[in-house]
Amino acid sequence: MGLLSTLTSNLLILVVFVVVILGGLRIAQSIFGTSTKKAAATEIAAKLVSYPTGSAAVLRRRFARALTGQHVIMPSGERLAFGELAVRIAPEDLERLDPDGDLERLGEDGAVLYRDHAERVGWALPAEVRVTVQVDPGLRSGWIPPARGTGRAEPVRREPTAQPIGWDAVSEGPSRAARPRPVPSAPPAAIDPDATMNFPALVPDLHDPAPTMNVAGVLRLERGGRASVVGADGAVLGRLPASPVTFPEPEVSYRHAAIRQQGPTWQIKDLGSTNGTTVDGEPISGDWVTLRGGAVIKLAGVTVTVALDSTGTVHLQGLTGR
């Protein structure tokens, strides 16, 4: 009986504690003007707790994250960028973000960063983007709360095309009925199973006189105006000497991420790095993620851009695995 009474008392204390926390967060929402309890909790922490930065590069990434996470999602699913954003920083952090303490220049850099990110991820943009940087003495060093945005872009209104695009838009030529069907001059030769061992994506069709398979295009990784080609065997990115891209930054792990060719695509995955890997702003873990041309890879915030040639097909008639 005593044990049951103790458990009941502890449960009541826990319930009261949760209610008090939720009530406090709701009050903080109204005080700070935030839309979520998570944002209110961030504001409270930013005013009470110092947040170690580690380096100026880490602080710059927090500044970028405070901006690039802000947009509006319409009921249609379309995402709209803000025309004006205000981001707050602690007085101690101003010199680390801009050695001259120039708030106007820092805001201009933030506007370029936000616009580039919005264009890359496909948000609708207003005609002009303005970022205001404010020094907030109430913030503790290291904290950069999410920016506050106003003046969002208008949804893109797409005009209907004069002529719907359909099968009639295919370039002119003989009609399907008029096109002669290819007739093989001789029965197709049997495909040696051993000859396809190097092509796991191939599903042989013994009735196809000219079997083909999709192949991946050439993958180039661009950084600082220099492009490096990744071979068909893939590569490991990081500070190791064999990495196709050089990373002198200490925040990049020795073996940070791996890239491989999988059928007609290229894929990447994080190798348990210390500071993580993102693709187009989305963090990746130990799962393989398909890369597209123009994708932006960030290893611990260090940017690498993907340049991918178009995929194509190769004919396998007479091709062997030797």
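Residues: numbered from 1 along the sequence shown. Excluded from the calculations below are hydrogen atoms, water molecules and symmetry mates; all remaining heavy atoms, backbone and side chain alike, are included.
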Original post:
Is the shortest heavy-atom distance from the side chain of D270 to the side chain of H256 under 4.5 Å?
Top reply: yes

Original post:
Can you find a heavy atom in the side chain of L97 that is under 4.5 Å from one in the side chain of E95?
Top reply: no

**OP:** Tell me, yes or no, whether the heavy-atom count around R61 atom CZ, taken from other residues, nucleotides or ligands under 6.0 Å, exceeds 12.
**Re:** yes

Original post:
Would a distance-only check, ignoring hydrogens and angles, find a side-chain to backbone donor-acceptor pair under 3.5 Å from Y114 to A81?
Top reply: no

Subject >> Any donor-acceptor N/O pair, R255 side chain to V236 backbone, under 3.5 Å >> reply: no

Subject >> Smallest separation among heavy atoms of A227 and E222, with atom names >> reply: CB-CG, 3.9 Å

Subject >> Atom pair CD1 (I144) and CG (L59), whose distance is rounded to the nearest 0.5 Å >> reply: 4.5 Å

**OP:** Among R223, K298, R239, find the residue that satisfies the salt bridge (charged side-chain N to carboxylate O under 4.0 Å, His left out) test when tested with E249.
**Re:** R223

Original post:
A111 and V129: which non-hydrogen atoms are nearest, and at how many Å?
Top reply: CB-O, 3.7 Å

Original post:
Which class fits the ring pair W123 and H117: parallel under 30°, tilted 30 to 60°, perpendicular over 60°?
Top reply: perpendicular

Subject >> Path from I297 to L271 over hydrophobic side-chain contacts below 4.5 Å >> reply: no

Subject >> Over all atoms of both residues, closest heavy-atom pair of D280 and A295 >> reply: OD1-CA, 3.6 Å

**OP:** Determine whether V245 and I284 fall in the same hydrophobic cluster, where Ile, Leu, Val, Met, Phe, Trp and Tyr are linked whenever their side-chain heavy atoms lie under 4.5 Å apart.
**Re:** yes

Subject >> Nearest-0.5 Å distance, CZ of residue R115 to CD of residue E128 >> reply: 8.0 Å

**OP:** Only one of V218, L219, L237 passes side-chain contact (heavy atoms from CB on, under 4.5 Å) with V230; say which it is.
**Re:** L219

**OP:** In plain terms, say whether E251 and R60 are close enough for a salt bridge, that is, a side-chain N and a carboxylate O under 4.0 Å apart.
**Re:** no

Original post:
Would S141 and D93 count as having a side-chain donor-acceptor pair, cut-off 3.5 Å?
Top reply: yes

**OP:** Could you please spell out the steps behind the side chain to side chain contact (heavy atoms under 4.5 Å, CB included) verdict for V121 and H71?
**Re:** CA-CA 11 Å; V121 298; H71 60 281; over 6 Å; no

**OP:** Over all heavy atoms of both residues, which pair between V131 and G110 is shortest? Give the atoms and the distance, please.
**Re:** CG2-C, 3.8 Å

**OP:** Answer yes if L240 and L299 sit in the same cluster of Ile, Leu, Val, Met, Phe, Trp and Tyr residues linked by side chain heavy atoms under 4.5 Å apart, and no otherwise.
**Re:** no

Original post:
Mind checking whether E119 and D116 have side chains closer than 4.5 Å, heavy atoms only?
Top reply: yes

Original post:
So, for R88 and D136, which heavy atoms are closest and what is the spacing to 0.1 Å?
Top reply: NH1-OD2, 3.1 Å

**OP:** Please tell me if the side chains of Q134 and R148 come closer than 4.5 Å, counting only heavy atoms from C-beta onward.
**Re:** no

Original post:
Do Y254 and S273 have side-chain heavy atoms sitting under 4.5 Å apart?
Top reply: no

**OP:** Could you tell me the separation between the CG atom of L308 and the CZ atom of R220, rounded to the nearest 0.5 Å?
**Re:** 9.5 Å

**OP:** Please name all residues satisfying side-chain contact (heavy atoms from CB on, under 4.5 Å) with A147, sequence neighbours left out, ordered by chain then number.
**Re:** L67, Q70, L85, V87

Original post:
Roughly how far apart are F63 CZ and D109 CG, rounded to 0.5 Å?
Top reply: 8.0 Å

Original post:
Below 4.5 Å, heavy atoms only, C-beta onward: do V306 and W266 meet side chain to side chain?
Top reply: no

Subject >> Heavy-atom closest pair, residues P145 and A66 >> reply: O-CB, 3.4 Å

Original post:
Taking the side chain from S253 and the backbone from T274, do they hold a donor-acceptor pair closer than 3.5 Å?
Top reply: yes

Original post:
Between atom CD1 of I268 and atom CG of D287, what is the distance when rounded to the nearest 0.5 Å?
Top reply: 13.0 Å

Original post:
Atom CD of E108 and atom CG of L113: how far apart are they, to the nearest 0.5 Å?
Top reply: 13.5 Å

**OP:** Side-chain contact test, heavy atoms from C-beta onward, threshold under 4.5 Å: evaluate it for R260 versus W288 and give yes or no.
**Re:** yes

Subject >> side chain to side chain contact (heavy atoms under 4.5 Å, CB included) between L221 and I259, intermediate numbers included >> reply: CA-CA 11 Å; L221 299 178; I259 289 182; 3.9 Å; yes

